[in-house]
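Below: one structure, written as structure tokens.
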Amino acid sequence: MSKISVLDFLKELKAEDTMDTELNVLTTMGQSGENWITESELEFLVSQIESKEKAKCVTRVISSFIPDSKNMTIGNHAISIIEVYRKKEAYPNELYICSSYDDHKVVELKDWWKSKKK
């Protein structure tokens, strides 16, 4: 994971098939380091948190679970990656990543970003 940039990884997460009947899953091997995300990438991620573009779910090769990707978006992935940055964790930090976030999380991250930039 550490050999791919965050921006390239986000491009890989874009769903090629946007039909709700298809599974869109990207399987990863290994995890990134804690310093995977640069400041400029972080700024780009924040700009993407409201994106509704369809995306693949992420599963680690050690996971036996296949998540349902029909509600996954690039915005949700941007939020997940920002949360990893905030917690200083490796990515992916779970066996699979396919969470949907509500508007409260978007507002929380925008407020965090404003305070961080000061």
Side-chain angles (χ1 to χ4, degrees):
M1 282 290 309
S2 295
K3 294 182 180 182
I4 187 170
S5 74
V6 173
L7 302 182
D8 288 340
F9 184 67
L10 212 57
K11 288 177 191 171
E12 288 294 321
L13 291 174
K14 293 181 180 184
E16 295 164 16
D17 187 343
T18 57
M19 294 181 61
D20 286 342
T21 57
E22 299 293 323
L23 287 177
N24 286 299
V25 177
L26 177 71
T27 303
T28 64
M29 182 179 279
Q31 292 177 285
S32 71
E34 290 178 13
N35 298 321
W36 182 48
I37 304 166
T38 66
E39 286 293 320
S40 62
E41 290 171 327
L42 186 61
E43 187 167 359
F44 177 76
L45 288 170
V46 171
S47 76
Q48 297 298 300
I49 62 176
E50 294 181 273
S51 172
K52 302 297 182 204
E53 184 175 359
K54 291 282 208 175
K56 302 170 189 171
C57 293
V58 172
T59 62
R60 292 179 61 191
V61 73
I62 61 173
S63 175
S64 62
F65 182 75
I66 300 173
D68 182 353
S69 61
K70 69 180 168 197
N71 295 320
M72 196 58 187
T73 65
I74 291 297
N76 288 326
H77 275 301
I79 291 170
S80 295
I81 296 169
I82 292 167
E83 285 300 306
V84 164
Y85 173 88
R86 291 174 69 188
K87 295 174 184 174
K88 296 181 178 16
E89 295 178 340
Y91 182 90
N93 59 338
E94 298 180 27
L95 289 178
Y96 67 92
I97 296 178
C98 204
S99 297
S100 295
Y101 295 95
D102 60 18
D103 291 337
H104 296 292
K105 180 54 89 174
V106 171
V107 170
E108 175 192 326
L109 288 179
K110 284 182 174 183
D111 290 344
W112 167 80
W113 182 244
K114 284 179 191 172
S115 67
K116 181 175 175 44
K117 288 185 74 169
K118 288 182 180 178

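For the single chain, residues carry numbers from 1 onward in sequence order. Hydrogens, waters and symmetry mates are skipped; everything else that's a heavy atom, side chains included, is used. None of the values given here were measured: they were computed from a predicted structure.
For CG of L7, the number of neighbouring non-hydrogen atoms (other residues, nucleotides, ligands) closer than 6.0 Å is greater than 12. Other residues, nucleotides and ligands contribute more than 12 heavy atoms inside 6.0 Å of the CG atom of D111.
The CD1 atom of I97 lies 9.0 Å from the CG atom of L13; values are rounded to the nearest 0.5 Å. Residue E16 holds its CD atom at 14.5 Å from NZ of K54, rounded to the nearest 0.5 Å. One finds the CE atom of M72 at 11.0 Å from the CG atom of L26 (value rounded to the nearest 0.5 Å). Separating the OG atom in S100 from the CD1 atom in I79 is a distance of 9.5 Å, to the nearest 0.5 Å. The CG atom of L10 sits 6.5 Å away from atom CD of Q48, with the distance rounded to the nearest 0.5 Å.
Applying the side chain to side chain contact (heavy atoms under 4.5 Å, CB included) rule to D102 yields the partners H104, K105; only residues at least two apart in sequence or on another chain are considered. Remark: E89 engages N93 in a side-chain hydrogen bond (donor to acceptor under 3.5 Å, both in side chains) (not counting sequence neighbours). The side-chain hydrogen bond (donor to acceptor under 3.5 Å, both in side chains) test applied to E41 returns T38, not counting sequence neighbours. Residues that satisfy the side-chain hydrogen bond (donor to acceptor under 3.5 Å, both in side chains) test with S5, not counting sequence neighbours, are D8. For S80, the side-chain hydrogen bond (donor to acceptor under 3.5 Å, both in side chains) criterion is met by Y101, not counting sequence neighbours. Taking K52 as the reference, nothing meets the side chain to side chain contact (heavy atoms under 4.5 Å, CB included) condition, with sequence neighbours excluded. In this view, E50 and K110 satisfy the salt bridge (Lys or Arg N to Asp or Glu O under 4.0 Å) rule, not counting sequence neighbours. Not counting sequence neighbours, the partners of E43 by the side chain to side chain contact (heavy atoms under 4.5 Å, CB included) test are W113, K117.
Using a 4.5 Å cut-off between side-chain heavy atoms of Ile, Leu, Val, Met, Phe, Trp and Tyr, with links allowed through other members, L109 and V106 fall into the same hydrophobic cluster. Note on I49: it does not cluster hydrophobically with V107, by side-chain heavy-atom contacts below 4.5 Å among ILVMFWY residues. Using a 4.5 Å cut-off between side-chain heavy atoms of Ile, Leu, Val, Met, Phe, Trp and Tyr, with links allowed through other members, I4 and I81 fall into the same hydrophobic cluster.
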Report all side-chain donor-acceptor pairs from residues 55-65 shorter than 3.5 Å, counting only partners two or more places apart or in another chain.
from : atom 1 : to  : atom 2 : distance (Å)
K56  : NZ     : E12 : O      : 3.0
T59  : OG1    : T27 : OG1    : 3.3
S63  : OG     : F65 : N      : 3.2

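Across C98 and P67, no two heavy atoms sit closer than the pair CB-CB, 3.8 Å. Of all non-hydrogen atoms in A78 and L45, the two that sit nearest each other are CB-O, 3.5 Å. When all heavy atoms are compared, the tightest approach of S51 to I74 is OG-CB, 3.7 Å. Nearest approach of I37 to L42, heavy atoms of both residues: CG2-N, 4.0 Å.
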- [ ] Kindly indicate, with the supporting measurements, whether the criterion side-chain contact (heavy atoms from CB on, under 4.5 Å) is fulfilled by H77 and E53.
- [x] CA-CA 11 Å; H77 275 301; E53 184 175 359; over 6 Å; no
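Between K116 and R86, every side-chain heavy-atom pair lies at or beyond the 4.5 Å cut-off.
The list of ring-ring contact (aromatic ring centres under 6.0 Å, His included) pairs with a residue in residues 24-55, not counting sequence neighbours, reads F9-W36, W36-Y91.
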